[in-house]
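Below: one structure, written as structure tokens.
Chain letters run A, B, ... following the sequence lines, proteins first, then strands; residues in each count from 1. Every value quoted in this text rests on a predicted model; they were computed, and no experiment measured them.
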Protein chains: 2
Amino acid sequence: MRILLVEDDHLLARTMLDMLRQDQNTVDWLDDGQQALTALNNEHFDLVILDLTLPRLDGLDVLQGARQAGNHTPVIILTARAELNEKLTGLDAGADDYLTKPFAMAELKARIRAVTRRGHSASGDAEIRVGQLRLNTSSGQLMVGDEHAVLPRSEFQILHYLMRHPGQVATRRRLEEQLYGWDSGAESNALEVHIHHLRRRVGKATIRTIRGVGYVLDPDAVTGDTPCH
Amino acid sequence: MRILLVEDDHLLARTMLDMLRQDQNTVDWLDDGQQALTALNNEHFDLVILDLTLPRLDGLDVLQGARQAGNHTPVIILTARAELNEKLTGLDAGADDYLTKPFAMAELKARIRAVTRRGHSASGDAEIRVGQLRLNTSSGQLMVGDEHAVLPRSEFQILHYLMRHPGQVATRRRLEEQLYGWDSGAESNALEVHIHHLRRRVGKATIRTIRGVGYVLDPDAVTGDTPCH
DNA sequence: GGCAGGCGTTAAGGCTGGCTTAAGACTCGT
DNA sequence: ACGAGTCTTAAGCCAGCCTTAACGCCTGCC
């Protein structure tokens, strides 16, 4: 998943970055409310983790601003216990969940899973299913029928996105964002190569090309082949 | 197992440390409530042994703080008999068990086994089973099929953790925590070497590598080798 | 029908990270 | 003090991953 972390405590932020990236996410980090709002308006994220006390523009204003602009990205708010009363305002302003500092990293993981609505309750590993595809989102293990594979990072990111939006078109741009966040700069046909490799695993018909736009995952497509070489 | 001991009586603490380490555990020790809460929020422990009278932050506050942060680690509370009435509050606050000082080390061991819920019912030796693996957690004896061996400490720690979380990813970080706690500083490929030795015992396919992340125990993996030809 | 642009396919190169092995350091019991 | 068993370190190897680039195909447009 692509996550935006907005947190001005650099020490805490770094801990969270490490944890989130370890969990196979592409994470971008800002420590400033103004920039955060701009980023939210111009790019796509699957989740925002938003501290309330920020320089330049308060977290709540970021949230409200984004929502007013029609942005529905799931948001988890971080807040000090002293600001408890603000939380109500926070939920009113359109946050999906909140966490009071200090919090346990495990708890953050759980909330993320809850908010993104995958991995039902149980603290076990989260898994997405689409058709006969089963993708373990914490280990990147993929089951196609009864064949098993561990996806490399890039292929995982792509397939994960496609499976989160089955039947919807994923633009090339969107997929590249998922892969690189802001670090990118990759100007090549890398994406097509990854898609190629994915199709080899998943069955050719499962990922359909929309010429000039991007790709779609076809939930109904059946594989037919399981290469094994 | 990785255990956090929070106890400000240094003499008692040292005794307990020795005993717990004797039993193959990795134990970290703090004598201060504030630090304990911080540690609990940022790291993973399998068990906390918590004295109630602590400098800076009372034991009960540590417990409550941790629980509010969403931390579900099993906790055993230590308390002087004079503070008996507090115990009820202790259980209310989310402790799993308590022990009144002075106590026998054997008693503590028993409580630990009970709280960590391994070694069902009878106080006989605790044993974990996953697939065809059977690990005796008190002796470190491993049965693979009908072959048996006694694991050295490091390999035991790793396999024990993997078997407690079969099918889930164990990050390198997590495994190193299990091995060293805070004493570490070990910057090397030691973990990989241990994994290598373990695979030799347990079958290569049983421990799967998740590149850039860690390892998973595959419960279904058989000792032989994968078919596919 | 020819052309151009987008996409598929394949192979090669660089690189990272894990695997393997062997050698020394250490511990502990005898 | 010695030896067996254990842990760490280091070095070289290997495999897998990502990107790049070349080439061919397909599609749609003129």
Side-chain angles (χ1 to χ4, degrees), chain A residues 21-22 24 26 139-142 148-160 162 169-173 175-176 178-181 183-216 225 227 229, chain B residues 18 21-22 24 26 139-142 149-160 162 169-173 175-181 183-216 225-226:
Chain A
R21 291 196 170 130
Q22 193 84 47
Q24 307 260 40
T26 301
S139 67
Q141 291 183 100
L142 172 70
H148 169 276
V150 179
L151 295 185
R153 206 197 90 94
S154 303
E155 292 176 40
F156 170 80
Q157 292 286 8
I158 295 172
L159 186 59
H160 189 193
L162 291 175
V169 192
T171 64
R172 306 173 65 87
R173 171 105 173 293
L175 288 174
E176 279 169 357
Q178 291 282 324
L179 284 180
Y180 308 113
D183 304 339
S184 82
E187 189 63 41
S188 75
N189 65 344
L191 177 58
E192 284 146 34
V193 177
H194 293 312
I195 291 279
H196 175 59
H197 290 144
L198 265 178
R199 288 210 247 238
R200 186 178 288 168
R201 296 183 199 274
V202 141
K204 205 150 189 172
T206 312
I207 300 177
R208 189 179 303 144
T209 305
I210 309 296
R211 205 185 153 83
V213 184
Y215 299 90
V216 193
D225 43 8
H229 298 292
Chain B
D18 289 345
R21 288 189 174 139
Q22 199 83 39
Q24 303 262 46
T26 300
S139 69
Q141 265 219 353
L142 172 70
V150 177
L151 295 184
R153 201 198 93 96
S154 302
E155 293 176 41
F156 171 80
Q157 291 285 10
I158 294 172
L159 187 59
H160 189 193
L162 290 175
V169 200
T171 63
R172 306 172 67 85
R173 174 113 164 288
L175 289 174
E176 279 169 356
E177 281 178 359
Q178 290 282 325
L179 284 180
Y180 309 113
D183 303 340
S184 79
E187 189 63 41
S188 77
N189 62 347
L191 176 59
E192 284 147 38
V193 176
H194 294 312
I195 291 278
H196 176 60
H197 293 324
L198 264 178
R199 285 210 248 239
R200 187 177 288 166
R201 297 181 199 274
V202 140
K204 206 151 188 169
T206 312
I207 300 177
R208 190 174 296 147
T209 304
I210 308 294
R211 187 176 232 255
V213 183
Y215 299 90
V216 191
D225 42 3
T226 54

For B:L179, does its backbone N or O pair with a side-chain atom of B:R153 as donor and acceptor, under 3.5 Å?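 Yes; judged by distance alone, with no hydrogens or angles, the pair exists.
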Which listed nucleotide ([options]) is nearest to the side chain of [X]?
{"X": "A:N189", "options": "C:dG8, D:dT20, D:dC7", "result": "D:dT20"}
{"X": "B:T209", "options": "D:dC17, C:dC7, C:dG18", "result": "C:dG18"}
{"X": "B:R211", "options": "D:dT19, D:dC17, C:dC7", "result": "D:dC17"}
{"X": "B:E192", "options": "C:dG8, D:dT8, C:dT20", "result": "C:dT20"}

Any [X] side-chain N or O less than 4.0 Å from OP1/OP2 of [N]:
{"X": "B:H196", "N": "C:dC19", "result": "no"}
{"X": "B:K204", "N": "C:dT20", "result": "yes"}
{"X": "A:S188", "N": "D:dT20", "result": "yes"}
{"X": "B:R153", "N": "D:dG5", "result": "no"}
{"X": "B:R172", "N": "C:dG18", "result": "yes"}
{"X": "A:H194", "N": "D:dT19", "result": "yes"}

Comparing nearest nucleotides in DNA chain D, the 5'-proximal residue of the pair B:L151, A:P152 is B:L151
In terms of side-chain heavy atoms, does [X] have a donor or acceptor partner in [Y] at a distance below 3.5 Å?
{"X": "A:Q178", "Y": "A:T26", "result": "no"}
{"X": "A:S139", "Y": "A:Q141", "result": "yes"}
{"X": "B:H197", "Y": "B:R201", "result": "no"}

Gap between atoms [atom1] and [atom2], on [X] and [N] respectively (whole Å):
{"X": "B:I195", "N": "C:dT20", "atom1": "CD1", "atom2": "P", "answer": "11 Å"}
{"X": "B:R201", "N": "D:dT6", "atom1": "CZ", "atom2": "C1'", "answer": "11 Å"}
{"X": "B:Q22", "N": "C:dC28", "atom1": "CD", "atom2": "P", "answer": "10 Å"}
{"X": "A:L191", "N": "D:dA21", "atom1": "CG", "atom2": "P", "answer": "17 Å"}
{"X": "A:Y215", "N": "C:dG6", "atom1": "OH", "atom2": "P", "answer": "12 Å"}
{"X": "A:Q157", "N": "D:dT19", "atom1": "CD", "atom2": "P", "answer": "12 Å"}
{"X": "B:R200", "N": "C:dA22", "atom1": "CZ", "atom2": "P", "answer": "10 Å"}
{"X": "B:I207", "N": "C:dG18", "atom1": "CD1", "atom2": "P", "answer": "15 Å"}

Quick check on DNA chain C: between A:H197 and B:H197, whose nearest nucleotide comes earlier from the 5' end?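 Comparing both residues, the 5'-ward one is A:H197.
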With side-chain contact (heavy atoms from CB on, under 4.5 Å) as the criterion, how do B:Q157 and B:Y180 come out once you've worked through the C-alpha distance, each side chain's angles and the decisive distance to 0.1 Å? CA-CA 10 Å; B:Q157 291 285 10; B:Y180 309 113; over 6 Å; no
